[in-house]
> 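One structure, pasted below without further comment.
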Amino acid sequence: MSNITTEQMRFWSPAVRELDPYVPGEQPKIQNILKLNTNENPYPPSPKVVAAVEAVLADSADALRLYPDPDATALKQAIATQQNVDITQVFVGNGSDEVLAHIFKAFFVQDEAIIYPDISYSFYPVYSQFFATKTKEIPLNENFEIDVNDYKQTNGGVIIANPNAPTSIALNLAEIEEVLQANPNRVVVIDEAYVDFGAESAIGLVNQYENLVVCQTTSKSRSLAGLRVGFAIAQAHLIAGLEAVKNSFNSYPMDRFAIAAAVASFEDQAYFEAQCQKVMNSREKLIADLKEIGFKVLPSKANFIFATLPTKDAGALAKELREQGIIVRHFNKPRINQFLRITIGTNEQNQRLVDRLKNQILI
Ligand SMILES: *Cc1c(COP(=O)(O)O)cnc(C)c1O
């Protein structure tokens, strides 16, 4: 936006002039860089996913000419079957970022502050501003944990990432139930973008709680960040609210490739579980290796870790890693500016990170 003048900005609506948009992690154009900065999966998706995309292409005359199914019924059914819920309890969208946007619009009471942790997914404040929703950020405790007792106050809605990002720490289901029970007249959203890497999903609570929305994505645990498929699970009355928003915005958010590929992914559960297990095993090894060279690492249930080195400035460390061909995420924000968020790669990639730290940077 830097080269737009105030003069030119007069064409923008007053609300858009005030926006402070989300800044996605860098997608470098350089070759041979090790990307440990945006929590993508280091493994490809199931071969069955690739076959499903090719099958759509083989039929491309019709596949591209005709609109896709506006309800993405095949995809909703595949998710419903895998998650053991009814199809009326499934909503799908163009990435969980879009699902979250519809959630903000559909459920959050604008004039009563919604509550979320002070350190969490940075899209929450962006959507709050976009939808003119009041907010109250609740500080994490000194160990960077969520204290659920803080979520028992008057609010316009609750959103919690579980595991939280970028801290990687998860709540258990008993704690989530406390939040649900304390807010019977408000929607409680649990953003489970990373839940498949060892945390407990709240989807099993959906039939018990009429105020619960659980949001997940295929971007991380299913290696489909390039496809843009996210979903929400809730009771049918909440899904109907999301459908009303979606059909007032974009009736065809899911294209034919995305539907076919995601269906194939949900049908290949064995592959999915094996890849998640590999990432979790690599995570434990990387944590041990980093601790050995002096890092403090928060307890992670995600496909990334949040780590700090007491003897070196995190911003400088990120810069030096970049010079060594490795990118990690550094947030220049109060409380966390001495931490790095590092995505779990393959064992080989993680070893490259540890070797560079040991042999080039920390000597
Ligand atoms: C990555 C992420 C998302 C968004 O994922 P999509 O790629 O849009 O599906 C949502 N919430 C959190 C906490 C995330 O880290």
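In what follows, residues are counted from 1 in the order of the sequence shown. Indexing begins at 1, ligand by ligand and atom by atom, following the structure's order. The model shown is predicted, which means the values in this text are computed figures rather than measured ones.
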> Does any N or O in the side chain of Q338 come within less than 3.5 Å of the main-chain N or O of A314, such that one atom is a donor and the other an acceptor?
yes

> Would you mind running through ligand 1 and noting each atom that sits below 4.0 Å from a heavy atom of S219?
6 (P), 7 (O), 9 (O)

> For the pair E98 and R228, find out whether any cationic side-chain nitrogen is under 4.0 Å from an anionic carboxylate oxygen.
no

> Where is the nearest protein heavy atom to atom 5 (O) of ligand 1: which residue, which atom, and how far?
S96 OG, 3.1 Å

> Considering only non-hydrogen protein atoms, determine which one is nearest to atom 2 (C) of ligand 1 and report residue, atom name and distance to 0.1 Å.
K220 NZ, 2.4 Å

> Does R341 use its side chain to pair, donor to acceptor, with the backbone of H330 at less than 3.5 Å?
no

> Could you tell me which residues satisfy side chain to side chain contact (heavy atoms under 4.5 Å, CB included) with R322, sequence neighbours excluded, listed by chain and number?
E26, I30, I327

> Which residue owns the protein heavy atom closest to atom 15 (O) of ligand 1, what's the atom, and how far is it?
Y194 OH, 2.6 Å

> Give a yes/no on ligand 1: does G230 have at least one heavy atom closer than 4.0 angstrom to it?
no

> Does the pair E243/K76 count as a salt bridge with the N-to-O cut at 4.0 Å?
yes

> Quick one: do D118 and R335 make a salt bridge, cutoff under 4.0 Å?
yes

> Compute the minimum heavy-atom distance from F123 to ligand 1 and say whether it is under 4.0 Å.
no

> Considering both backbone and side-chain atoms of D97, is one of its nitrogen or oxygen atoms within less than 3.5 Å of a nitrogen or oxygen in ligand 1?
yes

> For T217, take its heavy atoms, then give the atoms of ligand 1 lying under 4.0 Å from any of them.
5 (O), 6 (P), 7 (O), 9 (O)

> Does ligand 1 have an atom under 4.0 Å from some heavy atom of E98?
no

> Taking only residues two or more places apart in sequence or in another chain, which ones pass ring pair (Phe, Tyr, Trp, His ring centres under 6.0 Å) with F11?
none

> Who gets closest to atom 13 (C) of ligand 1 by heavy atom: L224, T218, D191?
D191

> Could you check whether E112 pairs with R186 (Lys NZ or Arg NE/NH1/NH2 to Asp/Glu carboxylate O, under 4.0 Å)?
yes

> What atoms of ligand 1 come within less than 4.0 Å of a heavy atom belonging to G95?
8 (O), 9 (O)

> Provide, to 0.1 Å, the distance between atom 8 (O) of ligand 1 and the closest protein heavy atom, together with that atom's residue and name.
R228 NH2, 2.7 Å

